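Notes follow once the structure below has been shown.
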Amino acid sequence: MTGKLKPTLGTLHLWGIAVGLVISGEYFGWSYGWGVAGTLGFLITTALIATLYTCFIFSFTELTTAIPHAGGPFAYSRRAFGETGGLIAGLATLIEFVFAPPAIAMAIGAYLNVQYPDLNPKTAAVGAYLLFMALNILGVKLAAMFELVVTVLAVLELLVFMGVVSPGFSVANFAANGWAGSDHFGMPALSGIFAAIPFAIWFFLAIEGAAMAAEEAKDPKRTIPKAYISGILTLVVLAIGVMLLAGGAGDWRKLSDINDPLPQAMKMIVGEHSNWMHMLVWIGLFGLVASFHGIILGYSRQFFALARAGYLPPSLAKLSRFQTPHRAIIAGGVIGIAAIYSDGLINLQGMTLTAAMITMAVFGAIVMYLMSMLSLFKLRRSAPDLERSFRAPGYPLVPGIALVLSLVCLVAMLWFNPVIGGLFVAIMVLGYLYFLATKAQRERAPQDSMLVGE
């Protein structure tokens, strides 16, 4: 059966989803930015991206509360710009949420490989997919409660990490070789700052996914603003703290281009056989699991919303007896597992699979951010009577900053990642060709007043 999702989630659940979707970004992925920009260069990149996300979330919350729809950005853009606008935002969001989980799954495999060297990381990654797809199918309330528990544990573990390594922190360690490609702040360093954008975005990527749980939120106009604002503040503090303290623990160059920088940073301070070290590896898995599990929830709702509106095969909008979009959950899992096993078969700009998947996900995110901010400006003019229980503060300046910074990020991403950028465009073009061929399918889809404003 198809239809509406059941509202069961409160503010704390939504905070858990918003932070949990992102928290793995504090555990891995970001350190690839050090290899590109150096610690000092990447600090500038991160400050720029933290500004982008703070402005974006304060603006995006207006859309989420005004149009609490499982499609999130797809719904806002279709309401603002019609079917083609909805397609661009919906496909971009889907790419973001489908390509982020393989990177996280491989990091889960890398963390487990620290404890079990004979365990193939790919096998562990596929096992994670099967386990958390099943948990998501069993029900959103159960999935959200699990997400909240592992998110709280992951946040506490990051605080423990910062506490354990802080006595060994040295500004000299952090600043040594801090400008990649240059001994001073010259053009090579400036180039690195822009090239590192996808890895700074990884600190915050997918927080907007809580919007896709809006149909399942109780009193979304009240609960969503609280969850989003507290969530972005939580993540900014954790991101800056983790990056500074890990970089000052020793030779940061040993931590770039690996999937487990925090255990390795702690090893520099407490040694390989410390109980703190083993605790971080095990509890560190909670951060990865929280994001992995939460993004599965996110991509499944995006598949569901697009299918329900006729943009994808309607069968993906079927609900299980647990009232969850089980076919959508499975579809994203099949793509993710295929991506994991493509590692080594495809060479994308010489990147590791993790770095390539992060970059692809970021392309989707940036296009979605642009479409969301454009939708905010358009709906302020075209739908002035839309009920807005939360209004973007500092309008039009704050959403304007998010829009301009998103555009800067997209240009930089295309400049430094032409191969993956080309692949992203190819996927979008294929989606548009399917869109052109399935007009009758959309016409048969049930009418949704949130999408058209009737």
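Small disclaimer: the values here were computed from a predicted structure and weren't measured. Values reported hereafter were calculated over all heavy atoms of this structure, with side chains retained and with hydrogens, waters and symmetry mates removed.
- The backbone N or O of Thr51 lies less than 3.5 Å from no partner atom in the side chain of Thr54, so there is not a single donor-acceptor pair.
- If you check the side chains of Thr11 and Thr223, you find no donor sitting under 3.5 Å from an acceptor.
- Using a 4.5 Å heavy-atom cutoff, the side chains of Leu21 and Ile207 are not in contact.
- For Glu62 and Arg388, the salt-bridge test passes: some basic side-chain N is under 4.0 Å from an acidic carboxylate O.
- For the ring pair (Phe, Tyr, Trp, His ring centres under 6.0 Å) with Trp202, the lone residue among Phe42, Phe28, Tyr32 that qualifies is Phe28.
- The minimum heavy-atom distance between Val98 and Pro102, with the atom names listed, is O-CD, 3.2 Å.
- In this structure, Phe132 and Phe292 have perpendicular ring planes: the angle between them is above 60°, well past the 30° mark.
- Taking 4.5 Å as the limit, some side-chain heavy atom of Phe174 sits within range of a side-chain heavy atom of Leu43.
- Side-chain atoms of Thr84 and Tyr432 include no donor-acceptor pair closer than 3.5 Å.
- Closest of all the heavy-atom pairs between Ile366 and Cys409 is CD1-CB, 3.7 Å.
- Note: Ile17 CD1 to Thr151 OG1 = 9.0 Å, rounded to the nearest 0.5 Å.
- Side chain of Lys378 to main chain of Ala80: a donor-acceptor pair is present (N/O by atom type, distance under 3.5 Å, no hydrogens or angles).
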Verdict with reasoning, Glu208 to Tyr369, per side chain to side chain donor-acceptor pair (under 3.5 Å): CA-CA 9 Å; Glu208 68 280 355; Tyr369 299 159; 3.1 Å; yes

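- Ala103 and Ile358 get closest at one heavy-atom pair: CB-CG1, 4.1 Å.
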May I have the step-by-step check of side chain to side chain contact (heavy atoms under 4.5 Å, CB included) for Leu312 and Leu94, ending in yes or no? CA-CA 11 Å; Leu312 290 175; Leu94 200 57; 4.1 Å; yes

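- No donor-acceptor pair closer than 3.5 Å links the side chain of Arg78 to the backbone N or O of Gly90.
- Side-chain atoms of His69 and Arg79, non-hydrogen and from C-beta on, never get closer than 4.5 Å to each other.
- Between Gln441 and Pro314 the shortest side-chain heavy-atom distance falls below 4.5 Å.
- Counting heavy atoms from C-beta outward, Leu255 and Trp34 have side chains that approach closer than 4.5 Å.
- Remark: aromatic rings of Phe97 and Phe303 are distant, center separation not under 6.0 Å.
- How far OG of Ser300 is from CG of Leu316: 11.0 Å, rounded to the nearest 0.5 Å.
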Show the numbers, then the answer: is there a side chain to side chain contact (heavy atoms under 4.5 Å, CB included) between Ile232 and Val19? CA-CA 8 Å; Ile232 191 63; Val19 175; over 6 Å; no

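- Note that the CH2 atom of Trp30 and the CZ atom of Phe204 stand 12.0 Å from one another [nearest 0.5 Å].
- Separating the CE atom in Met368 from the OG atom in Ser406 is a distance of 9.0 Å, to the nearest 0.5 Å.
- Using a 4.0 Å cut-off between a side-chain N of Lys or Arg and a carboxylate O of Asp or Glu, Glu83 and Lys439 do not qualify as a salt bridge.
- The backbone N or O of Ala196 sits nowhere less than 3.5 Å from a side-chain atom of Thr45 that would complete a donor-acceptor pair.
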Checking ring pair (Phe, Tyr, Trp, His ring centres under 6.0 Å) for the pair Phe99/Phe363: CA distance, chi angles, key distance, verdict? CA-CA 10 Å; Phe99 282 94; Phe363 267 113; over 10 Å; no

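- The two residues Pro68 and Thr65 have their closest heavy-atom pair at CD-O, 3.7 Å.
- When all heavy atoms of Ala92 and Met428 are compared, the closest pair comes out as N-SD, 4.0 Å.
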Please report the C-alpha distance between Tyr228 and Phe58 in whole Å, then the side-chain angles of each, then the deciding distance to 0.1 Å, and finally whether the ring pair (Phe, Tyr, Trp, His ring centres under 6.0 Å) criterion is met. CA-CA 8 Å; Tyr228 263 145; Phe58 273 94; over 10 Å; no

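- Between the side chains of Ser77 and Ser375, at least one donor-acceptor pair of N or O atoms lies under 3.5 Å.
- Without hydrogens or angle criteria, Thr324 side chain to His326 main chain gives no donor-acceptor distance under 3.5 Å.
- Using a 4.5 Å cut-off on side-chain heavy atoms (C-beta onward), Leu135 and His293 make contact.
- Looking only at side-chain heavy atoms (C-beta outward), Lys318 and Pro325 stay at 4.5 Å or farther from each other.
- Side chains of Leu410 and Leu370 form a contact here, defined as non-hydrogen atoms less than 4.5 Å apart.
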Phe390 vs Ile229, side chain to side chain contact (heavy atoms under 4.5 Å, CB included): CA-CA, chis, key distance, verdict: CA-CA 12 Å; Phe390 180 93; Ile229 292 167; 3.8 Å; yes

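- Of all heavy-atom pairs between Ala402 and Leu52, the closest is O-CD1, 3.4 Å.
- The distance from atom CD1 of Ile104 to atom OG of Ser24, rounded to the nearest 0.5 Å, is 3.5 Å.
- Of the possible polar contacts, none joining the Lys221 side chain to the Ser389 backbone as a donor-acceptor pair under 3.5 Å is found.
- For the atom pair Phe81 CZ and Leu379 CG, the distance stands at 7.5 Å (nearest 0.5 Å).
- Taking the six-membered ring for Trp and thresholds of 30 and 60 degrees, Tyr53 and Phe56 have ring planes more than 60 degrees apart, a perpendicular arrangement.
- Under a 3.5 Å cut-off, the side chain of Tyr299 and the backbone N or O of Gly333 do form a donor-acceptor pair.
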Residue pair Trp15, Val152: steps toward the side chain to side chain contact (heavy atoms under 4.5 Å, CB included) verdict: CA-CA 10 Å; Trp15 173 89; Val152 169; 4.1 Å; yes

